[in-house]
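Everything on this sheet refers to the single structure shown next.
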Amino acid sequence: MCHYCGCRDMPLIRDYVAEHERVTGLADDIVRAIDRDDLEQARIAMSRMAGELESHWQGEENGIFAVMASQAEYADHIVPLVSEHRELAELLASADVSDPVDQQRIRDAVPELREHISKEEDGLFPASLTALTGSDWDAAIAAWHAAHPGKSLISD
């Protein structure tokens, strides 16, 4: 994980990274619960993860993704990220933690999630420092607020 460019000092990026950390923690909780055959806890963690991701994805897609996709050099990088969001959302909505096939799908999804996060945190977020204008940041932050009603950014 990169800590050199300074993007994590931006309140919006800092919050997205914090959300990523909560989501990966929940993903690990799901796998551990499945491993100990605590399927109810796995279901609870999946539900929490889906809820966390719903607002996270809305903020990203309507904010930082949208403003970066408006620039030709970044547009092609955004499409697969959104597709990966949809794939994980479908898995979370359809997986049955009591089904061994779905248990394996969940296990397989965890490293894929980490790879997805790396694309954002080590690629897209650092690029945003030089790619976005002040009005772009304003739009991205407004989208975060719209996706997280009643909440404030960490440094607000």
Side-chain angles (χ1 to χ4, degrees), residues 1-69 74 77-129 132 140-141 143-156:
M1 187 176 330
C2 162
H3 292 278
Y4 299 105
C5 71
C7 69
R8 293 164 200 275
D9 294 331
M10 300 290 293
L12 178 65
I13 302 302
R14 185 181 314 135
D15 276 44
Y16 283 139
V17 170
E19 290 169 3
H20 287 162
E21 290 170 354
R22 286 193 298 272
V23 166
T24 56
L26 288 165
D28 292 339
D29 290 347
I30 295 164
V31 172
R32 281 191 298 270
I34 289 169
D35 289 346
R36 66 177 184 269
D37 203 32
D38 186 350
L39 302 183
E40 183 57 28
Q41 189 58 44
R43 286 183 193 96
I44 291 168
M46 279 183 60
S47 176
R48 289 181 54 212
M49 183 177 175
E52 181 81 32
L53 285 171
E54 182 179 354
S55 58
H56 175 79
W57 290 335
Q58 180 184 344
E60 277 186 336
E61 292 174 16
N62 295 337
I64 197 166
F65 284 16
V67 295
M68 290 195 77
Y74 300 110
H77 298 283
I78 301 300
V79 173
L81 293 173
V82 173
S83 178
E84 290 167 6
H85 289 177
R86 297 300 172 272
E87 290 169 14
L88 183 54
E90 189 280 324
L91 174 65
L92 291 171
S94 67
D96 176 358
V97 296
S98 66
D99 178 349
V101 171
D102 282 350
Q103 290 176 354
Q104 189 58 51
R105 288 176 55 218
I106 292 165
R107 283 185 183 89
D108 293 344
V110 174
E112 293 170 4
L113 172 64
R114 283 186 167 74
E115 183 178 327
H116 171 88
I117 289 170
S118 178
K119 291 175 195 174
E120 293 180 0
E121 291 185 6
D122 299 334
L124 188 71
F125 293 168
S128 71
L129 289 180
L132 301 186
I141 290 168
W144 185 93
H145 282 291
H148 300 81
K151 294 185 180 179
S152 297
L153 291 170
I154 292 171
S155 67
D156 275 1

Using modelled atom types only, decide if a donor and an acceptor are shared between the side chain of Tyr16 and the backbone of His56 within a distance under 3.5 Å.
-> no

Side-chain H-bond candidate by donor/acceptor type, Gln103 with Asp99, under 3.5 Å = no

Stepwise side chain to side chain contact (heavy atoms under 4.5 Å, CB included) check, Asp35 with Arg107 | CA-CA 10 Å; Asp35 289 346; Arg107 283 185 183 89; 2.5 Å; yes

Take the angle between the ring planes of His148 and Trp144 and call it parallel below 30°, perpendicular above 60°, tilted in between.
-> parallel

Carboxylate-amine/guanidinium contact Asp29 Arg22, below 4.0 Å | no

Under 3.5 Å donor-acceptor, Ser94 side chain and Glu90 backbone | yes

Can you check whether Ile117 reaches Val17 side chain to side chain, under 4.5 Å on heavy atoms?
-> no

Are any non-hydrogen side-chain atoms of Leu91 and Leu88 less than 4.5 angstrom apart?
-> yes

From His85, Glu52, Glu19, Glu84, residue fulfilling side-chain contact (heavy atoms from CB on, under 4.5 Å) relative to Trp57 = His85

So, does Asp102 use its side chain to make a donor-acceptor pair with the main chain of Arg105 at under 3.5 Å?
-> no

Aromatic plane relationship, Phe125 with His20 - under 30° parallel, 30 to 60° tilted, over 60° perpendicular | parallel

Close side-chain approach of Lys119 and Leu124, heavy atoms under 4.5 Å | no

Going by atom types alone, do Glu120 and His116 pair a side-chain donor with an acceptor below 3.5 Å?
-> yes

Which distance, rounded to the nearest 0.5 Å, do you find between the CD1 of Ile34 and the OG of Ser98?
-> 9.5 Å

